[in-house]
Amino acid sequence: MAATGSEKSGGEDVKSFYVTTPIYYVNDAPHLGHAYTTVAGDVLTRWHRQRGEKVWYLTGTDEHGQKIMRTAEANDVTPQAWCDKLVEEAWKPLWEHLNIANDDFIRTTQKRHTDRVQEFVQDLYDKDEIYKGGYEGPYCVGCEEYKLPGDLIEAEDGTKLCAVHKKPVEILKEENYFFKLSEYGPKLLEFYEANPGFIQPESARNEVVNFVKQGLEDLSISRSTFDWGVPVPWDEKHVIYVWIDALLNYATAVGYNENPAKFDETFPANVHLIGKDILRFHAVIWPAMLMAQGLPVPGRVAANGWLMVGGEKMSKSNLTGIKPQDLTSHFGVDAYRWYFLRAIAFGQDGSFSWEDFSARYTSELANDYGNLASRVAAMVGKYFDGALPASTADGDAEKAIHEGLAKAVATADAKIGEELDFQGGILAIFDFVKQVNGYITEQEPWKVAKDESEEGRARLATILYTAAESLRAVAVLLNPIMPETSQALWESLGAEVSLGALATQPVQSSGTWGQLPAGSTVTKGAVLFPRLEEKKD
């Protein structure tokens, strides 16, 4: 993939492939919805690392605003103490548990962030992009956002509710500072037209374009009714609006106004992964802020859908929050990482159920994939004393496997690496797994093994080499998605010794046939995906 941003001759200072998650509110512990986006970002960045690219993956926590302040007060602690506890005891440990390989974790209470936020806002003020005014309107504390009439729904008693949180809005009136967002409508529409892939999926793009076409209002960028936030540098009676503060993490974390070299080689993000409920902030306000400051706009804003349980969005406020550990303790971490990206088309809403997870785990992971790995290792052990035999004469059946693998690699690389179609990429890999299973069923190596002639032994060797070499490629392709089981398979094939570390194997060339050397020691290790216990109640 061609690098964007600054790139010197000779390949020096190639821009990093920079991916971000939202920075998550720490008003409570993380649930499946938070983990879904973070795992998607981890798979995407692991994939690009395994392409041999320079990568930077950022996640973190959003710790200012009225919602955090009220939550801390309800728990009788300071906002900072509340944030510290949640970050260190819930958020960071979960990402470690899920094998999230983030390069940085930004907290908006860190000085490296707050100082730069003040500088950014001061620059806009000095450029006459910010002015003082007053505002009154419906405000959702959960969204930390003033709502437009079209953003509200009405309860049976006539109370106006936030459409996202289903809770009554508050009518706020305060003197604020405003960013001249209204002036950026034409520039944004021109940018969307010139960059049709900037907002994904297409439904999200259409929503944003229609919203901007209706005309933008200037944005209130300060609050004066509470003090838990970054002070406005020229008027400390105000704090900077939490969303302005939060969006700037994507710049402050990579050296804005502090480390020019790091900033130049990283910013802007290639991909912002977000939930669709925060689409407008990232696709309207964020690029407008960058345009006002003369900074480059991100490559892509990709909005995933909501995870649904019983028809309700996954959230603590709707009492449908499920801890990821509830699932990993039953299915395992790798299966967890695989399931949500496999079962749900990224960008669309998706429903979760224990029954669906159990069925897919048993059918695709245990039966199709895990059983294939076990059978191949067992047969190499039984018929060739664990030494991988050489393939001697590939026939039409083997050539079909070679072609199937090449197709799977090309499809998975395009789907996962470029299109963010994780489901499509995973399906391509597992279609190939099914093809290899079908090959073994048709070739019946256990029957071929009864023919002890030279021709019989040669045919058996070809069948088992073909199956093992196929698994070598599958281990490479699935490593960004399921790193623990991929490593176990890699070692059982003897590839760690013969080919080196799994993480160094390029995904894009994993379909080149014949990489696993004959003579590699194949061992039957632990079952990759053990049979599930009785379904959990």
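This structure is a prediction, so every number in the text was calculated from the model and none was measured.
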For residues 207-215, which side-chain donor-acceptor pairs fall under 3.5 Å, sequence neighbours excluded?
unit_1 : atom_1 : unit_2 : atom_2 : d
Asn210 : ND2    : Asn206 : O      : 3.1

Aromatic ring pairing Tyr131/Phe178, orientation class (parallel under 30°, perpendicular over 60°, tilted between): parallel
Side-chain ion pair, Arg205 and Glu202, N-O less than 4.0 Å: no
Salt-bridge present (Lys92, Glu88; N to O < 4.0 Å): yes
Result of checking Asp84, Thr114, Asn249 against Arg107 for side-chain hydrogen bond (donor to acceptor under 3.5 Å, both in side chains): Asp84
Glu119, Arg116, His113, Gln110 screened by side-chain hydrogen bond (donor to acceptor under 3.5 Å, both in side chains) with Thr252, the one that passes: His113
Partner residues of Leu161 under the side-chain contact (heavy atoms from CB on, under 4.5 Å) criterion, sequence neighbours left out: Ile153, Ala155, Thr159, Pro168
Leu295 to Phe263 - nearest heavy-atom pair and separation: CD2-CE2, 4.1 Å
Value rounded to 0.5 Å, distance of OG1 in Thr362 from CG in Asp368: 11.0 Å
Geometric class of the Phe281/Tyr241 ring pair [parallel <30°, tilted 30-60°, perpendicular >60°]: tilted
Closest non-hydrogen atom pair between Tyr36 and Leu307, with its separation: CB-CD1, 3.9 Å
Side chain to side chain, Asn257 and Phe120, heavy atoms closer than 4.5 Å: no
Heavy-atom pair with the smallest gap, counting every atom of Pro324 and Ala35: CG-CB, 3.9 Å
Any Tyr339 side-chain heavy atom under 4.5 Å of Leu327 side chain: no
Asp235, CG atom: more than 12 neighbouring heavy atoms under 6.0 Å: yes
Sole residue of Glu484, Arg337, Arg46 in side-chain hydrogen bond (donor to acceptor under 3.5 Å, both in side chains) with Asn99: Glu484
Whether over 12 other heavy atoms sit under 6.0 Å from Asp76 CG: no
Rounded distance [0.5 Å steps], CD1 in Ile23 versus OG1 in Thr108: 5.0 Å
Tyr177 and Tyr125 aromatic ring geometry - parallel, tilted or perpendicular at 30°/60° bounds: perpendicular
Ile244 side chain reached by Leu219 side chain, heavy atoms, under 4.5 Å: yes
Other residues, nucleotides, ligands: >12 heavy atoms within 6.0 Å of Glu96 CD: no
Distance-only polar pair, side chains of Gln293 and Lys127, donor-acceptor under 3.5 Å: yes
Residues Asp62, Lys67: salt bridge by 4.0 Å N-O rule: no
Ser220 and Asn176 side chains, donor-acceptor separation under 3.5 Å: yes
Heavy-atom closest contact (Ile426 atom, Leu341 atom, distance): CD1-CB, 3.9 Å
Donor-acceptor under 3.5 Å (Glu265 side chain, Lys15 main chain): no
Side-chain donor or acceptor of Asp218 paired with backbone N/O of Ser182 under 3.5 Å: yes
Aromatic ring pairing Tyr184/Phe179, orientation class (parallel under 30°, perpendicular over 60°, tilted between): parallel
Value rounded to 0.5 Å, distance of CG in Leu478 from CD1 in Ile429: 4.5 Å
Between Trp47 and Asp413: side-chain donor-acceptor atoms closer than 3.5 Å: yes
Side chain to side chain, His330 and Tyr361, heavy atoms closer than 4.5 Å: no
Pairwise distance CD1(Ile481) to OG(Ser486) - rounded to 0.5 angstrom: 8.0 Å
Check: Phe340 ring centre within less than 6.0 Å of Phe352 ring centre: yes
Beyond-backbone contact of Arg51 with Phe17, side-chain heavy atoms, under 4.5 angstrom: no
Main-chain N/O of Gly417 paired with His48 side-chain donor or acceptor, under 3.5 Å: yes
Evaluation steps, side-chain hydrogen bond (donor to acceptor under 3.5 Å, both in side chains), between Asn102 and Thr59: CA-CA 7 Å; Asn102 53 295; Thr59 189; over 6 Å; no
Side chains of Lys180 and Asp128 in contact at under 4.5 Å (non-hydrogen atoms): yes
Option among Tyr336, Trp338, Phe331 that satisfies the ring pair (Phe, Tyr, Trp, His ring centres under 6.0 Å) test with Phe357: Phe331
Inter-residue atom distance Leu188.CG - Leu216.CG, 0.5 Å rounding: 6.5 Å
salt_bridge(Arg112, Glu258) N-O dist < 4.0 Å: no
Side-chain donor or acceptor of Trp82 paired with backbone N/O of Val26 under 3.5 Å: yes
CA sep, side-chain torsions, deciding dist, call: Phe267, Tyr256, ring-ring contact (aromatic ring centres under 6.0 Å, His included): CA-CA 9 Å; Phe267 195 85; Tyr256 171 74; 7.9 Å; no
Note, Arg342 side chain near Gln423 side chain (heavy atom, < 4.5 Å): yes
Side-chain donor-acceptor pair present, Asp334, Thr485, cut-off under 3.5 Å: yes
Main-chain N/O of His31 paired with His34 side-chain donor or acceptor, under 3.5 Å: yes
Minimum heavy-atom distance Arg300-Gly197, with the two atoms named: CG-O, 3.4 Å
Atom pair CD/CG of Gln66 and Asp227 - distance to nearest 0.5 Å: 11.0 Å
Distance-only donor-acceptor pairs under 3.5 Å for side chains of residues 282-290, two or more places apart:
unit_1 : atom_1 : unit_2 : atom_2 : d
His282 : ND1    : Ile278 : O      : 3.0
His282 : NE2    : Tyr250 : OH     : 2.7
Trp286 : NE1    : His272 : NE2    : 3.1

Carboxylate-amine/guanidinium proximity below 4.0 Å for Arg70 and Glu170: yes
Closest contact, heavy atoms only, Pro22 versus Thr37: CD-CG2, 3.8 Å
Validation row: Phe346, Asp421 side chains within 4.5 angstrom (heavy atoms): no
Stepwise side-chain hydrogen bond (donor to acceptor under 3.5 Å, both in side chains) check, Glu63 with Thr61: CA-CA 6 Å; Glu63 303 181 11; Thr61 45; 2.7 Å; yes
Ring geometry between Trp95 and Tyr24 (parallel below 30°, tilted from 30 to 60°, perpendicular above 60°): tilted
Flag, side chain of Gln118 to backbone of Pro231, donor-acceptor distance under 3.5 Å: yes
